[in-house]
Amino acid sequence: MFSSTTTTLPEVRGVPRHVAIIMDGNGRWARSRFLPRVAGHRRGLEAVRATVRACAEAGVEYLTLFAFSSENWRRPKEEVSFLMELFVIALQQEVARLHENNIRLKVVGDRSALEPRLVELITQGEKKTENNTGLTLTIAANYGGRWDILQAVNKMVAQHPNKRDGYSEEDLAPYLAMSYAPEPDLFIRTGGEQRISNFLLWQLAYAEFFFTDQLWPDFDSESLARAFSSYRSRERRFGRTSEQVTDAQRQVESKTPAR
Ligand code: IPE
Ligand code: IPE
Ligand code: MG
């Protein structure tokens with residue numbers, strides 16, 4: 001279990017421990033090339049591969065990618081089917097490679113609406129990679145931040161129905177879909193939009209936000225490096241004053257033996 005950023009100061013490092021990305025702009029990437037939207041999604045998958053590799057190399061521990069939101073069902077039927085098919089193909093093709101690279105795969109979201117063969121591939125992929133100790137790659141599929149909070153509340157209340165003094169954040173935390181991961185340090189959204197679109201509402205409470213106009217299929221290791229560089233320039237205060245944060249950092253540094 002990880003402590004919440006709203007209660008303790010997480011260790012600040014040069015490389016974010018957990019990166020969460022809204023991969024947006026596939027449709028516009030395709031449209032600008034007079035291609036069908038789905039061609040953008042196909043290219044988007046290549047950007048996913050490159051980003052997974054770059055994060056693993058940089059020493060990121062958790063990478064969480066928003067692949068399909070609970071609202072994306074509102075898109076044209078053909079586009080939804082294509083995205084589901086692309087997910088199936090990606091799992092069929094990539095799980096072995098993820099495993100070879102010691103990557104642990106996780107999928108979060110409401111699986112009840114996904115096709116059975118997709119659910120089967122997800123379960124197999126998670127099982128095969130569950131003991132890997134490298135990067136944890138989480139794909140958010142049919143995920144919504146509100147869904148997550150509600151499903152967690154429902155499970156918590158079902159298991160502890162008579163808690164008279166009320167529930168705490170710590171009571172809820174184990175039931176959230178990403179209870180296995182610390183909260184995101186860095187949130188990236190490509191495609192120019194500056195909104196959360198019902199992604200990790202609870203978990204992003206203290207993430208640093210990075211927005212770029214670059215469209216997701218164009219996102220590469222240089223784009224990631226720019227986001228990391230912006231992240232390094234931030235002072236994360238978690239409600240405290242700048243002086244408190246500097247003092248806490250000095251104390252940590254004085255305890256770390258010089259090498
Ligand atoms: C993001 O790209 C991919 C998904 C939501 C699945 P979009 O498809 O939203 O691309 P734009 O925003 O229309 O350009
Ligand atoms: C958010 O992108 C969801 C994913 C990237 C999967 P959208 O393109 O669906 O977001 P909105 O609807 O424009 O906010
Ligand atoms: Mg979009």
Side-chain angles (χ1 to χ4, degrees), residues 18-52 54-55 62-94 105-115 118-119 121-122 125 137-151 177-178 181 184 186-204 207 209-220 223-224 227:
H18 184 173
V19 179
I21 308 183
I22 296 191
M23 312 182 286
D24 198 16
N26 293 351
R28 279 163 285 166
W29 182 93
R31 198 174 56 205
S32 70
R33 285 163 179 75
F34 306 100
L35 294 168
R37 290 179 57 82
V38 294
H41 297 316
R42 210 177 279 126
R43 278 301 284 263
L45 182 57
E46 288 176 34
V48 169
R49 282 193 201 100
T51 304
V52 171
C55 281
Y62 299 86
L63 171 65
T64 303
L65 301 175
F66 205 6
F68 191 89
S69 77
S70 44
E71 288 70 36
N72 285 145
W73 297 107
R74 298 171 186 161
R75 293 193 177 197
K77 243 219 244 59
E78 304 71 46
E79 182 169 344
V80 171
S81 314
F82 183 89
L83 284 167
M84 293 299 156
E85 193 55 37
L86 194 62
F87 198 10
V88 166
I89 292 169
L91 285 165
Q92 286 168 339
Q93 289 180 350
E94 305 296 330
L105 175 71
K106 291 270 197 186
V107 177
V108 292
D110 182 0
R111 292 186 194 183
S112 64
L114 303 179
E115 287 172 37
L118 180 52
V119 176
L121 284 167
I122 291 170
L137 169 65
T138 301
I139 305 295
N142 193 21
Y143 179 88
R146 290 185 175 180
W147 164 84
D148 193 2
I149 294 167
L150 279 174
Q151 65 82 28
M178 292 200 66
L186 175 64
F187 162 93
I188 300 173
R189 182 170 186 145
T190 62
E193 247 62 75
Q194 302 195 352
R195 52 180 176 247
I196 283 193
S197 299
N198 200 14
F199 195 23
L200 301 158
L201 299 180
W202 181 279
Q203 299 86 339
L204 289 173
F209 279 49
F210 181 84
F211 296 101
T212 167
D213 288 339
Q214 204 170 31
L215 303 173
W216 177 250
D218 292 327
F219 194 85
D220 59 14
S223 325
L224 190 73

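As the structure is a prediction and not an experimental result, all values here were calculated from the model. In each ligand, atom 1 is the first atom listed, and ligand 1 is the first ligand listed.
- Among residue pairs with one or both ends in residues 66-89, those qualifying as ring-ring contact (aromatic ring centres under 6.0 Å, His included) are Phe66-Phe199, Phe68-Trp73; sequence neighbours excluded.
- Distances from the Mg ion (ligand 3) under 2.8 Å pick out these protein N/O/S atoms: Asp24 OD1.
- Backbone and side-chain nitrogen or oxygen atoms of Trp29 are examined, and none is located within less than 3.5 angstrom of a nitrogen or oxygen of ligand 1.
- Residues satisfying the salt bridge (charged side-chain N to carboxylate O under 4.0 Å, His left out) criterion with Glu79, sequence neighbours excluded, are Arg37, Arg75.
- Contacts of Arg31 with ligand 1, taken as heavy-atom pairs under 4.0 Å, are absent altogether.
- Thr138 contributes no side-chain N or O that, together with a main-chain N or O of Val107, makes up a donor-acceptor pair within less than 3.5 Å.
- Judged purely by atom type and a 3.5 angstrom limit, Asn198 uses its side chain to pair as donor or acceptor with the backbone of Arg146.
- Nearest heavy atom pair, residue Cys55 against residue Leu63, reads SG-CD1, 3.9 Å.
- Within 4.0 Å of ligand 2, contacts by protein heavy atoms are made from Ile22, Met23, Asp24, Phe66, Ala67, Phe68, Ser69, Asn72, Arg75, Arg189, Arg195, Ser197.
- Between the Asn72 side chain and the Ser69 main chain, a donor and an acceptor come within less than 3.5 Å of each other.
- Put simply, the side chain of Asn142 gets close to the backbone of Asp110: a donor and an acceptor are under 3.5 Å apart.
- Looking only at distances, no side-chain donor or acceptor of Glu94 sits under 3.5 Å from a matching main-chain atom of Leu91.
- A salt bridge links Arg43 with Glu46: the closest approach of a Lys/Arg side-chain nitrogen to an acidic carboxylate oxygen falls below 4.0 angstrom.
- Residue-ligand proximity, His41 to ligand 1, at heavy-atom distances under 4.0 Å covers atoms 3 (C), 8 (O).
- Among Thr212, Ile188, Thr190, the one residue that satisfies the side chain to side chain contact (heavy atoms under 4.5 Å, CB included) test with Asp24 is Thr190.
- With Trp216 contributing its side chain and Gly44 its backbone, the two residues share a donor-acceptor pair below 3.5 Å.
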